[in-house]
Amino acid sequence: MSYLTEEDVARLLALPRPDTEAMVDLDDATRRAIDNRVSALVALIEGEPVKRVSTLYGLHRKTCKRMLELANEPAPGGGVHGFAVCLPQVRLVDPKPRAKDAPVLKHAYGMTRLVEAVPELKVALAKFKGPLPSRRQTSPAFNRLCGEVNRILGCAGRSEDDYPRNTRDGGRRALATFIGRLRTRAAELAMNLVVEPTLTKWAELSTPEPFDEAQVDGHYIDLKDQWCAIPLSDGAHRLTRVSGLMLLAEIDVASRACMGWTVIVDEAYSQFDFLCTIKRALMPWRPKDMSGRRMQYLPNAWMPSAINGPPPRGLRISVDNYSSHLAKHAKKALAQIRLGIYRFGHAGIPETRPHVEAFFKSIEVQVLRYLAGGFEPETKVRDEQKVSAQNSKAHPIFLHLLDDLLDIVFSTYNSTAHEGLQGRSPREVIEAYLADGGMPLRSSRTAEDVRDLGRFRIRVTIRGGNGELPHVTFGYATYRSEKLNTRPDLVGTTFNGYIEQDARFLVLLDATGQPYLELKTLPPYALTPHTLDERKRAHRWRKTRGQRWDGIGDLIDAFHAEVRDAASRLRWAADDVASGRVPKATPREPARSHAARTLEGFAPRGGAVSLRRR
């Protein structure tokens with residue numbers, strides 16, 4: 001007779017019990033017998049005497065004692081047997097062979113004897129949850145298990161000439177068969193038990209409505225040896241190989257609608273690309289002018305931001321813990337401007353963001369893999385498959401044309417029937433939600449929020465004194481203004497400020513958050529418009545060039561020129577030029593003669609004029 005502690009009693013009573021209503025192949029007498037045994041076991045666990053339970057429920061005393069003992073014994077699949085002991089004709093204990101020593105040669109019940117003789121091996125096989133190998137599919141997890149089994153057997157004093165390592169396959173078939181038997185028995189028991197429902201996921205708390213949650217992620221487009229056309233100053237293009245294309249998208253969970261997207265030429269995306277995707281979902285959508293191109297929108301093309309009024313925004317955004325999502329500027333912009341709830345999950349686990357991953361898969365299969373160089377990556381059950389027969393160099397990517405194509409694709413996707421929505425389209429789901437009185441989050445400040453998402457907010461201190469004019473130093477540049485030159489009293493004062501797309505200008509804010517002063521950079525960063533990222537890269541480039549770049553009046557323009565020149569041999573430079581981060585060179589005006597320049601400002605002489613000498 002085994003004695004139970006209070007913890008054992010609470011744990012056993014919380015275990016799932018046989019669901020006799022779901023056992024359609026049982027007769028009523030068997031169902032009543034199972035329910036009777038369940039009630040008897042509950043009484044035994046709660047402390048009722050075996051004799052009284054035996055008399056009350058009509059069971060033999062030995063049956064009651066055996067049920068109570070087996071209920072708290074470990075099960076092969078983990079845990080304890082629990083209420084599975086109440087099922088009739090269910091084998092809970094393996095038939096143990098008479099010989100208990102581990103076999104040396106292949107023998108009946110050989111693996112069972114080996115497992116009983118080496119307890120550590122039994123634990124390892126019971127804990128294995130990976131897939132078993134088949135004729136068409138290998139299992140790296142099972143290969144690792146075989147290595148662990150060899151280690152356990154070696155520590156137990158078993159040589160390679162002992163069973164099962166002396167078999168032709170090294171014991172792989174015997175291990176797989178034994179694990180399959182354990183899983184079959186555990187599955188048969190689980191089919192007869194009812195598990196109390198528990199709330200473990202956000203979606204189980206309530207039925208999601210449109211714009212309750214959005215998922216944002218990036219996807220590397222499956223293209224090989226991708227070439228892009230880089231614009232030149234004369235309007236022509238030059239072909240250059242790039243690192244690849246990435247697609248960022250924001251997907252509404254309830255309606256599966258694509259709310260915003262961005263395509264970049266690079267092997268990774270930054271926090272600014274991430275914020276650009278968020279911004280695009282908040283900007284009103286209108287069809288582009290496709291005149292002169294062999295593309296056109298469908299009549300029902302639609303995006304969620306095409307709704308009248310301020311575009312709706314999701315209450316909750318789910319992303320992974322990628323560095324661009326966790327960057328300080330991105331998190332601050334989302335918390336202070338975009339507002340809402342943000343969930344940061346783990347990267348590499350697509351099950352936590354299934355809807356955006358399913359969206360990427362659908363767009364890849366239906367559209368993106370048919371671009372030149374498109375392919376299907378290798379999987380566990382299939383080798384890499386070539387999808388597009390076109391040569392990527394003969395059919396390069398023009399980024400502005402790809403952007404127009406994807407705008408048509410995503411607006412068509414939002415109006416196409418979706419199998420996850422019972423044949424409805426994302427547009428139909430959202431319009432039905434709004435027609436029923438749904439109230440998504442909207443804001444009259446959406447236009448200001450879109451502008452603010454593009455601002456880099458900083459906190460700076462005015463420096464100067466001892467003969468030096470007041471100034472601000474930030475991002476390898478010095479900022480000044482004429483108004484600040486006359487305010488030495490501000491030296492040492494700290495201000496909040498922001499930098500927009502053009503990093504040449506820094507706006508300082510007062511205590512109420514209103515613009516107070518606008519500062520501009522000093523040379524060599526004062527002429528060409530640029531971003532903070534471009535300035536930092538130009539500064540690093542300048543340091544590698546040493547004194548050769550000293551005395552240059554416009555470092556940004558010089559940096560752009562060298563990047564355009566290096567685009568034919570450096571992959572990252574080609575990415576910058578193809579994506580537009582480095583603008584194309586402006587055509588230079590032809591030099592005019594000195595005589596022409598001396599006549600500037602004079603009106604032409606009237607009447608007939610002859611230039612012939614007399």
Side-chain angles (χ1 to χ4, degrees), residues 211 214-223 226 228-229 231 237 242 244-252 255-266 269 272-308 310-314 355-356 358-372 374 388 395-418 425-431 446-447 450 453-454 578-581:
F211 308 113
Q215 295 178 357
V216 184
D217 205 355
H219 174 74
Y220 197 83
I221 301 178
D222 297 333
L223 301 175
Q226 191 55 54
C228 277
H237 290 79
V242 296
L245 299 175
M246 288 205 72
L247 172 63
L248 286 78
E250 178 179 348
I251 304 299
D252 179 61
S255 65
R256 313 297 199 272
C258 176
M259 302 177 64
W261 55 274
T262 304
V263 173
I264 63 171
V265 182
D266 212 329
Y269 59 94
F272 302 103
D273 300 320
F274 170 63
L275 291 177
C276 181
T277 306
I278 302 295
K279 285 172 52 180
R280 194 161 187 172
L282 297 178
M283 298 171 63
W285 179 82
R286 297 290 182 273
K288 298 181 180 181
D289 183 11
M290 296 294 177
S291 57
R293 299 181 180 175
R294 298 171 60 184
M295 296 184 292
Q296 62 179 358
Y297 292 91
L298 293 183
N300 60 344
W302 180 86
M303 295 289 285
S305 56
I307 300 175
N308 294 329
R313 60 180 75 180
H355 303 292
V356 67
F359 168 79
F360 287 141
K361 179 68 174 180
S362 175
I363 296 299
E364 276 279 9
V365 172
Q366 299 183 50
V367 179
L368 297 179
R369 287 177 183 167
Y370 291 96
L371 298 175
S388 173
H395 298 81
I397 292 293
F398 289 79
L399 194 62
H400 66 287
L401 296 179
L402 179 62
D403 190 84
D404 294 343
L405 170 65
L406 292 181
D407 195 57
I408 295 177
V409 168
F410 295 143
S411 60
T412 303
Y413 161 83
N414 287 336
S415 301
T416 305
H418 196 289
S425 67
R427 179 176 184 176
E428 292 174 342
V429 173
I430 291 178
E431 290 181 344
T446 298
V450 169
L453 283 173
S579 62
R581 289 190 292 268

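Since the model is a prediction, treat every value here as computed from it, not as a measurement.
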Inset, instruction - Taking atom types as modelled, find out whether D252 and S255 have a side-chain donor-acceptor pair closer than 3.5 angstrom. - result: yes
Inset, instruction - Could you tell me which non-hydrogen atom of V356 sits nearest to which non-hydrogen atom of A249, and how far apart they are? - result: CG2-O, 4.2 Å
Legend entry - Gap between atom CE of M295 and atom CD1 of I408 - 0.5 Å precision: 5.0 Å
Inset, instruction - Output all residues satisfying ring-ring contact (aromatic ring centres under 6.0 Å, His included) with Y269, sequence neighbours left out; order by chain, then residue number. - result: Y322, H325
Inset, instruction - Assess the side chains of T277 and T262: does a donor N or O sit below 3.5 Å from an acceptor N or O? - result: yes
Legend entry - Y297 and K288: CA distance, side-chain angles, deciding distance, side-chain contact (heavy atoms from CB on, under 4.5 Å) verdict: CA-CA 9 Å; Y297 292 91; K288 298 181 180 181; 3.6 Å; yes
Legend entry - Verdict with reasoning, Y370 to V365, per side-chain contact (heavy atoms from CB on, under 4.5 Å): CA-CA 8 Å; Y370 291 96; V365 172; over 6 Å; no
Inset, instruction - Return yes if some donor-acceptor pair links the side-chain N/O of Q226 with the main-chain N/O of G244 below 3.5 Å, else return no. - result: no
Legend entry - Exceeds 12 heavy-atom contacts within 6.0 angstrom, atom CE of M290: yes
Inset, instruction - Please examine the side chains of L245 and L402, heavy atoms only from C-beta on, and report whether any two atoms are closer than 4.5 Å. - result: yes
Inset, instruction - Please check if the distance between the ring centroids of F360 and Y220 is under 6.0 Å. - result: no
Inset, instruction - Check the pair N414 / I430 against side-chain contact (heavy atoms from CB on, under 4.5 Å), numbers first and verdict last. - result: CA-CA 10 Å; N414 287 336; I430 291 178; over 6 Å; no
Legend entry - C258 SG to R280 CZ distance, which is reported to the nearest 0.5 Å: 9.0 Å
Inset, instruction - Could you walk me through whether L282 and E250 pass the side-chain contact (heavy atoms from CB on, under 4.5 Å) test, one step at a time? - result: CA-CA 11 Å; L282 297 178; E250 178 179 348; over 6 Å; no
Inset, instruction - Could you tell me which non-hydrogen atom of P311 sits nearest to which non-hydrogen atom of A281, and how far apart they are? - result: CB-O, 4.2 Å
Inset, instruction - May I ask you to test the M259-I251 pair for a side-chain heavy-atom distance under 4.5 Å? - result: no
Legend entry - From S388 atom OG to L368 atom CG, the distance as rounded to the nearest 0.5 Å: 11.5 Å
Inset, instruction - Taking the side chain as every heavy atom from C-beta outward, state whether V216 and I278 have any atom pair closer than 4.5 Å. - result: yes
Legend entry - Validation row: W285, S411 side chains within 4.5 angstrom (heavy atoms): yes
Inset, instruction - Would you check if the side chain of S362 reaches a backbone N or O of A358 as a donor-acceptor pair within less than 3.5 Å? - result: no
Inset, instruction - Quick one: closest heavy-atom pair of P304 and P312, and the distance? - result: O-CD, 3.8 Å
Inset, instruction - Return yes if some donor-acceptor pair links the side-chain N/O of R256 with the main-chain N/O of P426 below 3.5 Å, else return no. - result: no
Legend entry - Least distance between heavy atoms, A578 atom then C228 atom: CB-CB, 3.9 Å
Inset, instruction - Working to the nearest 0.5 Å, report the span between CD of Q366 and OG1 of T416. - result: 8.0 Å
Legend entry - From I264 atom CD1 to S579 atom OG, the distance as rounded to the nearest 0.5 Å: 8.0 Å
Legend entry - Value rounded to 0.5 Å, distance of CG in D403 from CD1 in I397: 12.0 Å
Legend entry - Centroid-centroid under 6.0 Å between H237 and F398 rings: yes
Inset, instruction - Tell me yes or no: between the side chains of R313 and T446, is some donor less than 3.5 Å from an acceptor? - result: yes
Legend entry - Atom of E364, atom of D222 and distance for their closest heavy-atom approach: OE2-N, 3.0 Å
